[in-house]
Amino acid sequence: MQILYVEDSESDFTILARKLKKYNDAVVSFELSQATTMKQAFEKLTKNTYDAVLLDLNLPDSDSLTTLTYFREHYPDMPVVALTGNEDPQIGIDVLRAGAQEYIAKKYVDGAPVAHTIQSSIYRKKAEKALFKKAHYDELTGLHKMVLFEDIVRKMITRATRYNIHEALYFIDLDGFKTVNDTYGHEAGNLVIKEAAKRITHSVRASDIVARFGGDEFAVYLCSQGVVTGSGDHYNKVAKSIVKEIEKPYHVDGQTITIGCSIGIAKFPEHADNYEELLALADKAMYGAKKDGQSSISFAEKVA
């Protein structure tokens with residue numbers, strides 16, 4: 001395991017590196033690299049791959065929990081074991097709350113407990129990521145779930161408000177999907193959902209946010225990347241592109257299946273200036289599109 005030990009004391013680094021070597025075997029071994037400052041740690045993490053980080057909380061260019069908070073902002077997926085000379089039990093609690101997977105007071109640093117703690121931090125981080133993925137990403141399509149979509153879009157709206165940017169939220173419902181399930185079965189239905197998700201994603205930019213809300217409902221947040229694109233023609237063109245892709249035949253187990261989709265569009269800030277209203281208006285507009293017939297597009301009406 002490649003471990004980055006962020007520690008400004010050369011003697012502390014040398015002692016721990018020597019102690020860990022005693023526990024290297026055919027199953028696992030530890031290779032320590034040293035960074036003496038937060039800046040140097042970031043440079044090493046940019047150039048090299050590490051399995052975990054041992055992070056001294058008190059560094060020449062960072063101090064106490066600020067060190068961990070700053071590190072977490074830049075490397076949220078890296079397993080971290082925090083070390084400190086402070087033996088106050090409350091520090092350990094604060095460190096774990098701040099995002100470290102494990103915590104060790106330097107007084108108790110030894111080869112065996114550190115080796116165990118490093119491995120534990122890696123497994124714990126993997127478990128955290130698995131739980132996050134399960135809670136925030138749709139298992140069938142890999143798209144954002146509603147909870148993550150909402151969190152990201154709220155941040156997008158804050159940015160758009162600050163810079164006077166025009167954006168839009170699309171609510172998409174597949175037309176004729178119930179017939180697919182009833183005629184060909186749920187397995188075929190799942191394959192159509194997966195393919196529809198890919199087609200919607202490919203119809204928009206990588207910077208736009210695509211989510212599955214469950215069943216045959218999807219949502220897209222079209223962000224502008226700093227360009228004012230408030231034209232209804234622009235949003236209509238994107239919607240037509242999605243409809244065109246969805247209407248292409250689906251080939252499942254030798255069967256050719258065709259469906260359509262209805263799209264409701266709510267524009268920011270023309271129709272609403274917050275997530276709840278944008279979503280509600282796009283949803284309402286989608287039902288209006290349904291009434292107009294298969295594969296229709298409808299824009300929301302501004303809240304009075």
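Computed from a predicted structure; not experimentally measured.
- Among V153, L279, V210, V204, the one residue that satisfies the side-chain contact (heavy atoms from CB on, under 4.5 Å) test with Y221 is V153.
- A donor-acceptor contact shorter than 3.5 Å is absent between the side chain of H271 and the backbone of A266.
- Here the side chains of Y170 and L222 are in contact, with some heavy-atom distance below 4.5 Å.
- Nearest approach of V147 to A135, heavy atoms of both residues: CG1-O, 3.6 Å.
- Both cation-pi conditions hold for R199 and Y250: the charged atom is under 6.0 angstrom from the six-membered ring centre and inside a 45 degree cone around its axis.
- Looking at T179 and D182, their side chains never bring a donor and an acceptor atom within 3.5 Å of each other.
- A heavy-atom distance below 4.5 Å is not found between the side chains of T161 and D273.
- Side chains of Q34 and Q40: a donor-acceptor N/O pair is absent below 3.5 angstrom, by distance only.
- Defined by atom type and a distance below 3.5 Å, a donor-acceptor pair is missing between the side-chain atoms of D173 and S262.
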Give the intermediate values and the outcome of side chain to side chain contact (heavy atoms under 4.5 Å, CB included) for residues T49 and Q2. CA-CA 7 Å; T49 300; Q2 296 294 326; over 6 Å; no

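- For the residue pair T84 and I91, the shortest heavy atom distance occurs at CG2-CG2, 4.1 Å.
- Side-chain N or O atoms of R212 include one that pairs as donor or acceptor with a backbone N or O of G215 at under 3.5 Å.
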For a side chain to side chain contact (heavy atoms under 4.5 Å, CB included) check, start with the C-alpha distance between L59 and T67, then their side-chain angles and the critical distance, and finish with the verdict. CA-CA 8 Å; L59 298 167; T67 303; 3.9 Å; yes

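- A continuous path of Ile, Leu, Val, Met, Phe, Trp and Tyr side chains, each step under 4.5 Å between heavy atoms, connects L191 with I200, placing both in one hydrophobic cluster.
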Worked check of side chain to side chain donor-acceptor pair (under 3.5 Å) between T141 and D138: CA-CA 6 Å; T141 64; D138 180 58; 2.7 Å; yes

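- Contact check for D56 versus V6: no side-chain heavy atoms found under the 4.5 Å cut-off.
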Please assess Y275 against L169 for the test side chain to side chain contact (heavy atoms under 4.5 Å, CB included), listing each intermediate value before the final yes or no. CA-CA 9 Å; Y275 174 78; L169 194 155; 4.3 Å; yes

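- Minimum interatomic distance between A197 and F218 (heavy atoms only, all atoms of both residues): CB-CE2, 3.9 Å.
- The two residues L4 and A41 have their closest heavy-atom pair at CD2-O, 3.9 Å.
- Aromatic ring centres of F268 and H166: separated by at least 6.0 Å.
- Between F149 and F213, the ring planes are perpendicular. Angles over 60° get that label, and only those under 30° would be called parallel.
- Under a hydrophobic clustering in which Ile, Leu, Val, Met, Phe, Trp and Tyr are joined whenever their side-chain heavy atoms come within less than 4.5 Å, directly or via other members, L148 and L278 fall into the same cluster.
- Note on E128 versus K133: no salt bridge recorded, every NZ/NE/NH1/NH2 to OD/OE distance being 4.0 Å or above.
- Within 6.0 Å of the CD atom in E187, the count of heavy atoms belonging to other residues, nucleotides or ligands does not exceed 12.
- Clustering ILVMFWY residues whenever any of their side-chain heavy atoms sit less than 4.5 angstrom apart, transitively, puts Y103 in the very cluster that holds L65.
- Here the rule is side-chain contact (heavy atoms from CB on, under 4.5 Å) with V243, and of C261, S296, S203 only C261 fits it.
- Residues S295 and D175 meet the side-chain proximity criterion, which asks for heavy atoms closer than 4.5 Å.
- Residues R72 and M78 come closest through the heavy atom pair NH2-O, 2.6 Å.
- Hydrophobic cluster membership differs between I193 and Y137, with clusters built from Ile, Leu, Val, Met, Phe, Trp and Tyr side chains linked at under 4.5 angstrom.
- Two residues are said to be in side-chain contact when any heavy atoms from C-beta on lie closer than 4.5 Å; E276 and R154 meet this criterion.
- A distance-only check finds a donor-acceptor pair linking the side chain of N48 to the backbone of K44 [under 3.5 Å].
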Output, in order, the C-alpha distance, side-chain angles, deciding distance and verdict of salt bridge (charged side-chain N to carboxylate O under 4.0 Å, His left out) for E247 and K244. CA-CA 5 Å; E247 287 186 324; K244 184 178 179 180; over 6 Å; no

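- Between Y75 and Y70, the ring center distance fails the sub-6.0 Å criterion.
- Side-chain contact check for S11 and S9: at least one donor-acceptor pair (N or O, by modelled atom type) lies under 3.5 Å.
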Dump the intermediate steps for salt bridge (charged side-chain N to carboxylate O under 4.0 Å, His left out) on E150 and K155, then the final yes or no. CA-CA 9 Å; E150 177 180 347; K155 292 173 182 175; over 6 Å; no

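- Side-chain heavy atoms closer than 4.5 Å link hydrophobic residues (I, L, V, M, F, W, Y) into clusters, and following such links, possibly through other members, connects M146 to Y287.
- For the residue pair E102 / T117, no side-chain donor-acceptor distance below 3.5 Å is found, with atom types taken as modelled.
- Although no hydrogens or angles enter the test, the distance criterion places no donor-acceptor pair under 3.5 Å between the side chain of K47 and the main chain of F42.
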